[in-house]
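Note sheet for the following structure.
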Amino acid sequence: MGKNVEQDNKPDFLKDLNNGILDELTAGGRIKNAVGLAGEVTELEEVSDICGLPFSGYLGKIETPRPSGIIDEVVIAFEKNTPFQYDGIEFDVLREFAKGSRLLLSGKVQTLKEFKSGRVLVFVLADFVELSPKAMRQNDVALVGELVFKPRRRETPRGKRITDIFVKVQNELTDGTCYIPCICWQEQADEVAGWQQGDTVELLGRYQSREYRKTTEMIYTVDQLTPTRTTAERKTEIRTAYEVSVQQIRRKEEAENGK
């Protein structure tokens, strides 16, 4: 019995660390959407719009590794006056933030829909960007908001338990709202699966990317000799999904109709 008590009281350093990061990023829950990033530039271009919405600034991608070594691709955007400038000196952003350079950013996770293609862009809208060659790689996302839909539980082909949720946050570019896709794993997935639409949650995670194969078209062919027999050809393409992989989550408030 004493051994079990000792095990129960054993410090959970990872949980304590995550709690500290969550509290720091959200200022104790007062900030609803905060991101801290540091990684290497892979793409960067000057743009006049994002998904058709006027935007005078830059859109690009940085890479940051997971503890497992898998590389995540993070989509970033920032306005022209965002980069930190030493002593007010102007500089060429595309030259200074060249491919391979390490950037340190802070900002908010956002989504925008490209109505022509129907795809949703999940990106980090930066409010601070600095060239920082010695910055430790970082990928921390903290969100406080309502669950937009009923959580959906599923399993991966390898048997891992997953619950998908969408957290509502303010859209900084439209003054409306946007929904951030998040994934909970294993025991947390089991718990979150029982929560309700409208519950307010507070979470800490990391922005992650993953490739998947999307069916874009089905072509059916009728056998001329046996008209009732048809064959189908599936056309697919590889796409990249962007979401927040949840490390820690807690329910702050239950929806009024929650039981």
Side-chain angles (χ1 to χ4, degrees), residues 12-22 24-25 33-44 59-77 97-111 119-126 129 131-143 151-167 179-193 203-215 236-249:
D12 189 335
F13 295 110
L14 180 58
K15 183 177 180 180
D16 291 342
L17 176 62
N18 285 341
N19 278 330
I21 296 173
L22 181 59
E24 181 179 357
L25 287 176
N33 186 347
V35 178
L37 284 172
E40 278 71 36
V41 176
T42 59
E43 298 177 24
L44 190 65
L59 183 67
K61 296 176 182 177
I62 64 172
E63 288 184 342
T64 179
R66 303 180 195 177
S68 64
I70 295 174
I71 300 297
D72 280 313
E73 174 185 88
V74 183
V75 180
I76 62 171
F97 295 170
K99 183 176 181 179
S101 59
R102 185 171 299 181
L103 299 184
L104 178 65
L105 308 91
S106 65
K108 297 177 173 62
V109 186
Q110 300 281 277
T111 64
R119 299 184 188 183
V120 176
L121 179 67
V122 184
F123 64 101
V124 174
L125 180 63
V129 184
L131 187 66
S132 187
K134 296 183 179 180
M136 293 183 62
R137 291 185 179 89
Q138 181 184 7
N139 185 346
D140 293 312
V141 178
L143 299 173
R152 183 174 68 91
R153 188 183 182 280
R154 56 190 173 92
E155 287 192 7
T156 70
R158 296 185 177 181
K160 287 190 176 182
R161 306 186 303 281
I162 290 176
T163 294
D164 298 299
I165 59 175
F166 287 83
V167 179
Y179 308 148
I180 309 302
C182 306
I183 293 182
C184 303
W185 302 87
Q186 300 293 78
E187 289 79 10
Q188 285 187 339
D190 298 336
E191 180 182 2
V192 173
L203 66 85
L204 175 70
R206 61 177 290 119
Y207 182 114
Q208 76 172 21
S209 61
R210 59 181 174 85
E211 289 187 343
Y212 69 100
R213 189 170 291 277
K214 172 73 173 180
T215 299
T236 64
E237 64 180 36
I238 295 177
R239 295 183 179 179
T240 302
Y242 302 98
E243 59 220 349
V244 174
S245 178
V246 176
Q247 297 166 280
Q248 189 164 316
I249 186 170

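In this text the structure is predicted, and so the values were computed from the model without any measurement.
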When you measure from the side chain of D140 to the backbone of L204, do you find a donor-acceptor pair of N or O atoms at a distance under 3.5 Å? no

Nearest 0.5 angstrom please: [X] [atom1] to [Y] [atom2], how far?
| X | Y | atom1 | atom2 | result |
| --- | --- | --- | --- | --- |
| C182 | L203 | SG | CG | 5.0 Å |
| N33 | L125 | CG | CG | 9.5 Å |
| R66 | R206 | CZ | CZ | 6.5 Å |
| E63 | S209 | CD | OG | 8.5 Å |
| E243 | D72 | CD | CG | 9.5 Å |
| L104 | L37 | CG | CG | 9.0 Å |

In the structure I gave you, are the side-chain heavy atoms of [X] and [Y] within less than 4.5 Å of one another anywhere?
| X | Y | answer |
| --- | --- | --- |
| Y207 | V35 | no |
| E40 | R137 | yes |
| V246 | W185 | no |
| F166 | I180 | no |
| P181 | T111 | yes |
| V124 | I62 | no |
| V192 | R153 | no |

More than 12 non-hydrogen atoms from neighbouring residues, nucleotides or ligands closer than 6.0 Å to OH on Y179, yes or no? no

Do you know which two heavy atoms are closest between A193 and P151, and how far apart they sit? CA-CB, 4.2 Å

Taking all non-hydrogen atoms of both residues into account, name the closest pair between A189 and T163 and its distance. O-OG1, 2.7 Å

Between V109, I76, V75, which is the residue that forms a side chain to side chain contact (heavy atoms under 4.5 Å, CB included) with F123? V75

Between R161 and E187, is a side-chain contact (heavy atoms from CB on, under 4.5 Å) present by the stated rule, with each step listed? CA-CA 8 Å; R161 306 186 303 281; E187 289 79 10; 4.0 Å; yes

Which residues pass the salt bridge (Lys or Arg N to Asp or Glu O under 4.0 Å) test with E43, sequence neighbours left out? K61

